Amino acid sequence: MYSIASEDNASCSPTPSHLYTSYITIVSCFASMIGSVLIILTFVLWKDFRTIGRSILVFLAITDFFTALGYMFGAAITLTLGVNQTLYGRMCVAQSFITSFFPISSFMWTLNLAIYVLAVLVLKKEGRAIWKLLVVFHLAAWGIPLLVCLLGVGFGEFGQGNVSSSLTSVDWCFIKYNGDKVKYFVFEAVCGKFWEIITYVASLVIYIIIKRKAKLTDINAIPQAKYWSTVLVHRMTVAASEFDRKLIWIPLIFILFRMWGTVRFFLSFGCNFDCITSCVAANIGLMVMQSIFDPAQGWGNALLFVVFHKPTVSRMCPCVLKVYDTLCMLCSCCKREDGLDSPLLGSGKQTHGDDSLLLGSSKRAHDGNSVNKN
């Protein structure tokens with residue numbers, strides 16, 4: 001790892017941990033990009049997955065993909081620090097822009113997903129209200145990161161990480177330190193950590209409200225349920241129970257993956273901005289965890305909405321269903337039941353769409369009517 005006291009001073013000697021974390025970051029980024037692609041493919045390949053809930057998840061996957069790509073780029077150029085310093089400086093600014101824009105956009109889409117679930121399950125919004133909400137989602141998720149990054153570029157704050165490469169980020173560039181500690185932390189917060197912490201708190205509060213207010217497993221409370229067959233009601237109850245279990249995992253995965261950099265951000269207030277061995281040693285464990293999990297949101301979401309989502313697994317790789325069922329017996333993320341689907345974020349072939357349970361789709365009601373008539 002490199003730790004630099006100021007723009008004018010020579011850099012500290014690299015330590016072996018620098019190489020280790022760079023390679024760890026690249027591997028984690030690659031896994032995250034694969035996970036993001038899997039989520040996108042489920043939306044592209046199967047029409048009954050093309051719902052509002054899944055579309056939000058796809059935009060989250062897109063931002064996670066480019067976040068991982070940016071971190072991978074940062075780790076790669078850091079490994080070649082000994083080459084042309086002018087070229088490195090320019091690449092560093094570009095990478096800082098990418099790894100500020102897409103992570104903030106990812107935070108926005110994570111929060112948008114929570115707000116969407118709240119709007120549908122608790123506030124009972126549908127139709128035009130949902131489409132208006134989607135417009136707001138896009139404006140916030142793309143507009144806020146763009147304004148923040150333009151602010152960083154305009155003030156010349158993006159570039160070679162100096163202190164941030166040792167205390168608040170890992171092997172990628174972020175905010176330059178020019179001797180003004182207050183300014184440095186203000187831009188660190190504005191260009192990332194503030195939005196991250198807001199997402200921690202807001203998403204956790206929203207999902208707690210959903211868990212308390214939304215009666216996900218009370219299928220009979222749905223007006224269309226009286227038209228459904230016993231088999232369909234059972235399938236929907238199982239699906240709702242699965243989604244109810246997954247609700248708490250959505251904010252928890254985000255918090256568990258992103259908390260390491262946040263902890264280092266706050267701890268860095270107590271560290272001097274120089275090459276102090278004890279300070280580096282105190283951060284090494286958190287730094288390794290951050291190099292693993294900061295780029296990992298893509299594969300974390302893929303685990304939740306692809307790997308542990310039986311309808312997706314059954315379509316993508318039927319040959320591993322037996323292994324899947326064995327894993328499900330050991331994991332509370334899913335359940336060994338036929339017809340499992342997530343009412344909001346993922347569908348199964350048996351139930352024709354993931355939003356219909358909550359939005360009162362006429363198609364599902366029609367299916368129930370036809371079963372009863374037969």
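Scope of the values below: all heavy atoms of this structure, side chains included, with no hydrogens, waters or symmetry mates. Just so you know, these numbers come straight off a predicted model, no measurement behind them.
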Donor-acceptor pairs under 3.5 Å, side chain of residues 132-152 to any protein atom, not counting sequence neighbours: which ones?
residue: His138; atom: ND1; partner: Trp142; partner atom: NE1; Å: 3.2

Can you give the donor-acceptor pairs under 3.5 Å from side chains of residues 195-204 to other protein atoms, not counting sequence neighbours?
residue: Trp195; atom: NE1; partner: Val190; partner atom: O; Å: 2.8
residue: Glu196; atom: OE1; partner: Lys193; partner atom: NZ; Å: 3.3
residue: Glu196; atom: OE1; partner: Arg258; partner atom: NH2; Å: 3.2
residue: Glu196; atom: OE2; partner: Tyr200; partner atom: OH; Å: 2.5
residue: Glu196; atom: OE2; partner: Thr262; partner atom: OG1; Å: 2.8
residue: Thr199; atom: OG1; partner: Trp195; partner atom: O; Å: 2.7
residue: Tyr200; atom: OH; partner: Arg258; partner atom: O; Å: 2.8
residue: Tyr200; atom: OH; partner: Met259; partner atom: N; Å: 3.3
residue: Tyr200; atom: OH; partner: Thr262; partner atom: OG1; Å: 2.8
residue: Ser203; atom: OG; partner: Thr199; partner atom: O; Å: 2.5
residue: Ser203; atom: OG; partner: Tyr200; partner atom: O; Å: 3.4

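Here Met289 contributes atom CE and Leu256 contributes atom CG; the two are 9.5 Å apart, rounded to the nearest 0.5 Å. Once rounded to the nearest 0.5 Å, the distance linking CZ of Phe305 with CG of Leu303 reads 11.0 Å. Rounding to the nearest 0.5 Å gives a distance of 10.5 Å between CG of Leu57 and CD1 of Ile62. For the atom pair Phe187 CZ and Tyr184 OH, the distance stands at 13.0 Å (nearest 0.5 Å). Taken to the nearest 0.5 Å, the CG atom of Asp64 stands 6.5 Å off from the OG1 atom of Thr110. To the nearest 0.5 Å, atoms NZ (Lys211) and CG (Leu121) are separated by 11.5 Å.
Residues Asp294 and Trp260 fail the side-chain proximity criterion, which asks for heavy atoms closer than 4.5 Å. Contact annotation: the side chain of Phe107 approaches that of Phe254 to within less than 4.5 Å [non-hydrogen atoms, C-beta and beyond]. Between Leu69 and Ile98, the closest side-chain pair of non-hydrogen atoms is not below 4.5 Å. Side-chain contact check for Tyr207 versus Ile210: some heavy-atom pair is nearer than 4.5 Å. In this structure, Tyr116 and Ile130 have side chains that are in contact, with non-hydrogen atoms separated by less than 4.5 Å. Residues Phe158 and Cys173 are not in side-chain contact: their nearest non-hydrogen atoms beyond the backbone lie 4.5 Å or more apart. In this structure, the side chains of Ser105 and Trp109 come closer than 4.5 Å at one or more pairs of heavy atoms.
Taking the centre of each ring, Phe102 and Phe65 stay at or above the 6.0 Å mark.
Using modelled atom types, one side-chain atom of Ser32 and one backbone atom of Pro295 make a donor-acceptor pair closer than 3.5 Å. Side chain of Ser28 to backbone of Thr25: no donor-acceptor contact under 3.5 angstrom is found.
Nearest heavy atom pair, residue Pro103 against residue Thr67, reads N-OG1, 3.3 Å. Across every non-hydrogen atom of Gln95 and Gly70, the tightest pair is CG-O, 3.5 Å. Considering all non-hydrogen atoms of both residues, Met91 and Ile77 come closest at CE-CG2, 3.8 Å. Nearest heavy-atom pair, Ile39 versus Val58, reported as atom, atom and distance to 0.1 Å: O-CG2, 4.2 Å. Between Gly159 and Val93, the shortest heavy-atom distance links the atoms CA-CG2, 4.0 Å.
By the criterion of side-chain heavy atoms lying less than 4.5 angstrom apart, applied directly or through intervening Ile, Leu, Val, Met, Phe, Trp or Tyr residues, Met33 is not grouped with Val27; the two fall into different hydrophobic clusters.
Using cut-offs of 30° and 60° on the angle between ring planes, the pair Phe257 and Phe293 is tilted. Under the 30°/60° scheme for interplanar angles, the aromatic rings of Phe97 and Phe101 are found to lie parallel. Note on ring orientation: taking the six-membered ring where Trp is involved, the planes of Tyr71 and Trp172 are tilted (angle from 30° to 60°).
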Worked verdict on Leu111 versus Ile206 for side chain to side chain contact (heavy atoms under 4.5 Å, CB included):
CA-CA 9 Å; Leu111 191 55; Ile206 289 172; 4.2 Å; yes
Give the intermediate values and the outcome of side chain to side chain contact (heavy atoms under 4.5 Å, CB included) for residues Leu304 and Phe308.
CA-CA 5 Å; Leu304 194 59; Phe308 291 114; 5.8 Å; no
Decide yes or no on side chain to side chain contact (heavy atoms under 4.5 Å, CB included) for Ile34 and Phe30, but give the supporting numbers first.
CA-CA 6 Å; Ile34 292 176; Phe30 186 69; 3.4 Å; yes
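Partners of Phe194 according to the ring-ring contact (aromatic ring centres under 6.0 Å, His included) rule, which considers only residues two or more places apart in sequence or in another chain, do not exist here.
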